[in-house]
Protein chains: 4
Amino acid sequence: MAEEPKTNNVTSGRGVPSHAVSDERIRARNVLKILTAAVEVFSRKGLDGARIVEIAKASGLPKGNVYYYFSSKEEIYNATIDRLIHSWDEAFRHISADREPAEAIEAYVRAKLEHARGNAAETRLFANEILQGAEHLSLEAREHMRRVTAEKAGVLDGWAEARKIVRVDARHLFILLWSATQFYVEFEALACDALDVRQLRTADYDLAAKTITNTVLNGLLVRPE
Amino acid sequence: MAEEPKTNNVTSGRGVPSHAVSDERIRARNVLKILTAAVEVFSRKGLDGARIVEIAKASGLPKGNVYYYFSSKEEIYNATIDRLIHSWDEAFRHISADREPAEAIEAYVRAKLEHARGNAAETRLFANEILQGAEHLSLEAREHMRRVTAEKAGVLDGWAEARKIVRVDARHLFILLWSATQFYVEFEALACDALDVRQLRTADYDLAAKTITNTVLNGLLVRPE
Amino acid sequence: MAEEPKTNNVTSGRGVPSHAVSDERIRARNVLKILTAAVEVFSRKGLDGARIVEIAKASGLPKGNVYYYFSSKEEIYNATIDRLIHSWDEAFRHISADREPAEAIEAYVRAKLEHARGNAAETRLFANEILQGAEHLSLEAREHMRRVTAEKAGVLDGWAEARKIVRVDARHLFILLWSATQFYVEFEALACDALDVRQLRTADYDLAAKTITNTVLNGLLVRPE
Amino acid sequence: MAEEPKTNNVTSGRGVPSHAVSDERIRARNVLKILTAAVEVFSRKGLDGARIVEIAKASGLPKGNVYYYFSSKEEIYNATIDRLIHSWDEAFRHISADREPAEAIEAYVRAKLEHARGNAAETRLFANEILQGAEHLSLEAREHMRRVTAEKAGVLDGWAEARKIVRVDARHLFILLWSATQFYVEFEALACDALDVRQLRTADYDLAAKTITNTVLNGLLVRPE
DNA sequence: CATGAATGAGCGTTCATTCAT
DNA sequence: TATGAATGAACGCTCATTCAT
């Protein structure tokens, strides 16, 4: 989260001055510029590889100005990480007790793929953070993720109870779905090699969605009639 | 790959000295020490975050010595990455045309999980490299991966032809299996949160293997008889 | 010395506005706040170590405001140094031709000690400035000090002429008195160690005054009767 | 004190290599160069004002090399301060129970003046350190100073017991002597003004010694016969 | 050969100062 | 007028790399 600029408010208390709103806006805008640039740079270079000048340049602000809003590189990094959590469980809303499993899971897979593809930098940054040990992920964020996962696992258990799906460890199943959907963005280079294409296109994502969904829902084995 | 030490005896005209063999051995041993240490350090810190002194310390060699065998940090990094390829497709041997799909895939999943778990540092380092864009992965390595994937996709296509499994895009299926199996090591922190445990244990890996295998082979949906 | 604020109403042609007096007062008050805070900060940190924000905070004014009254850190420093001169020779008034030497010198020593103790920050700041080479001390200030010293040396010479005291180099004697009296404040840490106390108290200052006075007036040696 | 260069000795244990002695010498020489330069720079600019580049330049070594021997500016500063202690009490050896007070004190005053004059940079640096609160002076150093002062105070008490000098608080007397003798170096600018000279010369130091000694030993007052 | 010593390019960060309102 | 916002020059320090023996 962005620091308060280090100025002191000693003389305040005379009410909000007339330009406060615009000041607030300016700050918010600049913080956003910095964070947006930072996500891009961090996702490509990581925390250590990222250069503060590069973030500054990408944000269109002078280097010193970055330090007016943030007090260290790590703080910027933490701020970018924290923002990721807000979108992490977005696709999860499709896993809802009142929907049919087949339709819900398909929607989830598609939403997850789309989200990853549409937020590639954030997705890679998050992956990188977890890969390095998740040391900059706040406890609140992790707790939130734990809670949401448990809740959605409950939905799957409900479906199994209603004999709509087979008994399965819901948490491992979610891991299966996460990993498969995020892979195309996180490990795009590998996916391209595996699919023998130069770049992933919409058709590739569609086929990915179809393959994941079909496989997970129906399995691979041919059944005797 | 290690550089040739910068001085050699070619111009001395005395041919190979009598201690050449032991010299060779010493060099090989030291290079191995360095690379082993490097994998560990790179996997935890990444290319930029890794410090050459740390690699030296972990290898038990003086810092200057490291530069005797390698001429830059990037060269060490490249050498570690290249070595990973050799073990990348090991588990793939289970995907063999003469085996039954169910048994082969289960064996593959188990082997992949075991390999990732037993080579955590390498696995994370490889993931990190791909995540950052695979810019240090040699073309030969990528070509090798492409070829092996294509070959194994052929095996699946054969199974489908023989109506042992349903028609499926084999490459996307492999991505599904890779991602799911590697996830537990690469994103261990996230897996722990999802499973609500402090640390992954053998039981967790077993259940992971079972869930992946069952789901992929049989699907989730309950079938009408 | 404080700059004139950079904008003024001279060109407005409306003469002195009705609130000029209060404006003057506000400025004087703010300048004083700044200088008081500056003495404190400079005395503890020195010119280079002092931070303008710290002075601003200590003065209760916003940082930008400090630059409204002064145009640089050095200017603030110079202003604080110049103010010290006004109190430098205060105790000297006791060295007066119409007093008895013993009583005058005792009064001087006590006044000097008290002044140093009561103006510790200023005393240390002045010492620091001299120690660093007195490069920020104005020529007028140094000239003033020179003149006053010469004048008071004349008083001592008069006493010697009148055979009230022995012949002595008055200027070196003053140095002896200055240094001894200021030491307790400037080098308090050392004085504490020497006296084996944690903090100097009134009793310590009293004994200092007595020791200095007695020694200087009567000497150490036991005389044959 | 200088750090061990940060190299690791992992492979040592094969005995001291033949160039170890010269290496030791090189290190000692460079450390000395740095410390000598540092005393000069710190004494003129203080800890905060001193620039590491300036110390490097003054020592004739490249900037990076300074950090090969010391790990921070503060460490260099501490090392310079620590060295001062060794010479701090040198002149004190004249205060010896078996000497006559008059002669001993005169010798002490002269030695102290000479030492300060001959080690001007160190003297000012030490003064500056105490003035700023002695926060970088080690406890051992302060303890040493305390002990030596107490011991020498004992000598004066002995003289008083033997009725060779009058009863006096020895510690305050030492403060009187320290402050007076060091003043000429620490506050040279002020001394020059007081004495109305451009620069202090030997004659000035001689007169200082005479004035201090005579005054302290015999006092100022003319005695009735 | 092997390795401790040396170095300089470059980074994160600070902070006096200026700007804009 | 007064002040929060902005900035860039410079500093301490790190570390990959080279040197010298």
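Order of the sequence lines fixes the chain letters, A, B, ..., with proteins taken first and strands second; residue numbering starts at 1 for each chain.
The separation between Tyr68(A) atom OH and dT18(E) atom P is 17 Å, rounded to whole Å. Between the NZ atom of Lys45(B) and the P atom of dA16(F) there is a distance of 11 Å, rounded to whole Å. The nearest whole Å value for the distance from the CZ atom in Arg27(A) to the C1' atom in dT21(E) is 16 Å. Atom C1' of nucleotide dC15(E) and atom CD1 of Ile76(C) are separated by 13 Å, given to the nearest angstrom. Here dA16(E) presents its P atom at 15 Å from OH of Tyr77(C), a figure rounded to the nearest Å.
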- Under a 3.5 Å cutoff on both atom distances, Watson-Crick or G-U, what's the dot-bracket for DNA chain E ([ ] crossing, | other strand)? .||||||||||||||||||||
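The shortest distance between side-chain heavy atoms of Arg29(A) and Ile26(A) falls below 4.5 Å. For the pair Ser138(C)/Asp82(C), a side-chain contact is recorded, criterion being any heavy-atom separation below 4.5 Å from C-beta on. Between Phe70(A) and Val31(A), the closest side-chain pair of non-hydrogen atoms falls below 4.5 Å.
Closest to the Lys73(A) side chain, of the nucleotides dT13(E), dG8(F), dA5(F), is dT13(E). Comparing atom distances between the Pro62(D) side chain and each of dT3(E), dG8(E), dT3(F) picks out dG8(E) as nearest. When the nucleotides dT13(E), dA2(E), dA6(E) are ranked by their closest atom to the side chain of Ile26(D), dA6(E) comes out on top.
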Would you mind writing out the side-chain donor-acceptor pairs for residues 41-53 of chain B within the sub-3.5 Å range, not counting sequence neighbours?
residue  : atom : partner  : partner atom : Å
Ser43(B) : OG   : Val39(B) : O            : 3.3
Ser43(B) : OG   : Glu40(B) : O            : 2.9
Lys45(B) : NZ   : Glu54(B) : OE1          : 3.3
Lys45(B) : NZ   : Glu54(B) : OE2          : 3.3
Arg51(B) : NH1  : Asp48(B) : O            : 3.2

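The 5' end of DNA chain F is approached more closely, in terms of each residue's nearest nucleotide, by Val66(C) than by the other of Val66(C) and Gly64(A).
Leu35(D) approaches Ile76(D) most closely through the heavy-atom pair CD2-O, 4.1 Å. Nearest heavy-atom pair, Leu137(B) versus Glu129(B), reported as atom, atom and distance to 0.1 Å: N-OE2, 3.3 Å. Taking every heavy atom of both residues into account, Leu125(C) and Thr80(C) meet most closely at CD2-OG1, 3.8 Å. Of all the heavy atoms in Tyr69(B) and Glu75(B), the pair that sits closest is O-OE1, 4.1 Å.
Listed pair Tyr69(B) / dA2(E) meets the phosphate criterion, a side-chain N or O lying under 4.0 Å from OP1 or OP2. For dA2(F), neither phosphate oxygen OP1 nor OP2 lies less than 4.0 angstrom from any side-chain nitrogen or oxygen of Asn30(C). Phosphate proximity of dT17(E) to Tyr67(C): present, with a side-chain N or O under 4.0 Å from OP1 or OP2. In this model, the phosphate group of dT7(E) is approached by a side-chain N or O of Asn65(D) to a distance below 4.0 Å at OP1 or OP2.
Within a heavy-atom distance below 4.0 Å of DNA chain F, the residues of residues 47-57 of chain D found are Ala50(D), Arg51(D), Ile52(D).
With hydrogens and angles ignored, a donor-acceptor pair under 3.5 angstrom links the side chain of Lys63(C) to the base of dT17(E).
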